**Student:** 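Mind having a look at this structure? Questions to follow.
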Amino acid sequence: MCGDPCHRAAVSAKVSPQIAAPLLAWYDANARSLPWRAPPGSPPPDPYRVWLSEVMLQQTTVAAVRPRFESWVARWPTLADFAEASDDDVMAAWAGLGYYARARNLLKCARAVAADHGGRFPDTEAALRALPGLGDYTAAAVAAIAFGRRAVVVDANVKRVVTRLFADDGGNIRALADSITPDDRAGDFAQAMMDLGSSICTPRAPKCLLCPLREDCAGFATGDPEAYPAKKAKAEKPTRHGTIFWLARGEDVLLVRRPDKGLLGGMRALPSGPWTLAHPHPSAASPLPPSPIGRGKGPAAEGGGKGEGEMEGAPAQADWQWLDGEIVHVFTHFRLVCRLAAARVEAQEAGAGGEWWPVARLGQAGLPTLFAKAAEKFRRDCDAV
DNA sequence: AAAACGTGGCC
DNA sequence: TGGCCAAGTTT
């Protein structure tokens, strides 16, 4: 360090306005109108709406979030309303948005704010950071956008803009972002960075000629801004196989609730067995032993050679029929191929964690997309429904 | 610290 | 049309 007490002030007076001022001017003229957002320069919106939108937007596109945000706040207009919602209603309302731990943490967070903070969000980044589901990014974003705090907001957009701006290898994004974050209008600055990242400084084919920061951008100067940030190698995505079951009784179908931990945790679902890694070399493997699972008629007993375990997890001993075809669903870290088996029973209890659900109202069950796809195929292709 | 954790839109 | 990617967090 230089020992000059004015050093930091000199830096922020010199560097920060060079970036923040033109960016904010651009934002004043080009801010997107979004339902969770206040117009540039106006008072901050309800922290509940800021928080909700930020959590919904984690790894999720604006296009997907917008309608879900609207219906969410119509149903639960305030934090107090939402804190009283049931787990079931919240998980069903989140269905289709993915990353369901967000919904579980959302409710935990709302109840924590109600119980420990008098029903109002804390207004400091550190206190926000301690709430369930708020990591470094979201705590900074809420502090800046909802409370006008100066906070260094770093998400994928900021990372992209900043690495290009400085032609940086990505070693210390936070320090670089800190160096251009203004003391005033930190919330607008953060949202301006995101708008710039989504409309101008895009991952591919950035529109540098429209960029308000072009003159100060080292990445533009290199002639290949797209090289930043460096992209990481993608991991191989293994394939798993499983079975999804449709058990009909009268006009109802059996639904279960998945365990709170793990994939699709806490969500309603059709019963399913284990999702097992495909055998590396199915044809070369020794023939599987004959399997009596399922007993009597049924897919596992028909000797199709599909192997043992396909009926594992079946919710009943029944005359299971395979549907033609399979469901293919791609998750973040594996690809799932599911066979579909259907049966009908006359009288059976739902059992622990199960419930008979009217088929006509399946749309309101809040099934995650995998099971919604499966249910659609059952209803279209299967006469046992 | 690497891996788990979903989904829909876009080119 | 299949891969890439999005306003990340948790363990």
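This structure is a prediction, so every number in the text was calculated from the model and none was measured. Chain naming here is simple, since letters A, B, ... match the order of the sequence lines and numbering starts at 1 in each.
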**Student:** Check whether more than 12 heavy atoms from other residues, nucleotides or ligands sit under 6.0 Å from atom NZ of A:K231, and answer yes or no.
**Tutor:**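 Above 12, so yes.
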
**Student:** Nucleotide by nucleotide, 5' to 3', does protein get under 4.0 Å of the base (B), only the sugar-phosphate (S), or neither (-) in nucleotides 3-11 of chain C, counting heavy atoms?
**Tutor:** -S-BBBSS-

**Student:** Expressed as a whole number of Å, how far does the C1' atom of B:dC5 sit from that of C:dC5?
**Tutor:**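 Comparing C1' positions in B:dC5 and C:dC5 gives a spacing of 16 Å.
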
**Student:** Using atom C1' of each nucleotide, how far apart are B:dA1 and C:dT9 to the nearest Å?
**Tutor:**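 Roughly 14 Å separates the two C1' atoms.
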
**Student:** So, do A:D168 and A:V162 sit near enough that their side-chain heavy atoms are less than 4.5 Å apart?
**Tutor:**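 SC-SC contact between A:D168 and A:V162 ruled out.
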
**Student:** Between A:Y137 and A:E54, does any side-chain donor sit less than 3.5 Å from a side-chain acceptor?
**Tutor:**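 There is such a pair between these side chains.
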
**Student:** Provide the distance between the two P atoms, one in C:dA7 and one in C:dT11, to the nearest whole Å.
**Tutor:**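 After rounding to an integer number of Å, I get 24 Å for this pair.
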
**Student:** With sequence neighbours excluded, what pairs up with A:K377 under the salt bridge (charged side-chain N to carboxylate O under 4.0 Å, His left out) test?
**Tutor:**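 Salt bridge (charged side-chain N to carboxylate O under 4.0 Å, His left out) check on A:K377 returns A:D381.
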
**Student:** Could you tell me if the ring centre of A:F82 sits under 6.0 Å from that of A:W72?
**Tutor:**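 Ring-ring flag for A:F82/A:W72: true, centres closer than 6.0 Å.
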
**Student:** Is the shortest distance from a Lys or Arg side-chain nitrogen in A:R150 or A:D184 to a carboxylate oxygen in the other one below 4.0 Å?
**Tutor:**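 Looking at A:D184 together with A:R150, the answer is no, because their closest N to O distance does not fall below 4.0 Å.
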
**Student:** Do A:D136 and A:R129 meet the salt-bridge criterion of a basic N to acidic O distance under 4.0 Å?
**Tutor:**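 Yes, charged N to carboxylate O under 4.0 Å.
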
**Student:** If we take the C1' atom in both C:dC4 and B:dG6, what is their distance in whole Å?
**Tutor:**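 Each nucleotide's C1' atom is 15 Å from the other's.
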
**Student:** Name the nucleic acid region contacted by A:V65, choosing base, sugar-phosphate or nothing; use a 4.0 angstrom heavy-atom cut-off, strictly under.
**Tutor:**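 Nothing, no heavy atom under 4.0 Å.
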
**Student:** Examine A:R164 relative to A:Y228 and say whether NZ or CZ is less than 6.0 Å from the centre of the six-membered ring and inside a 45° cone about the ring axis.
**Tutor:**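 Here A:R164 fails the 6.0 Å and 45° test against A:Y228.
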
**Student:** If you look at every strand shown and take non-hydrogen atoms under 4.0 Å, does A:G96 touch a base, only sugar-phosphate, or nothing?
**Tutor:**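 Sugar-phosphate contact only - A:G96 comes under 4.0 Å of backbone atoms but never of a base.
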
**Student:** Please list, in 5' to 3' order, the outermost nucleotides of DNA chain B lying under 4.0 Å from any heavy atom of chain A.
**Tutor:**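 Nucleotide range with atoms under 4.0 Å of chain A: B:dA4 to B:dG8.
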
**Student:** Need one value for A:L97: base, sugar-phosphate or nothing, where a base atom within 4.0 Å counts as base even if backbone is also close, heavy atoms only.
**Tutor:**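 Base contact - A:L97 has a heavy atom under 4.0 Å of at least one base atom.
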
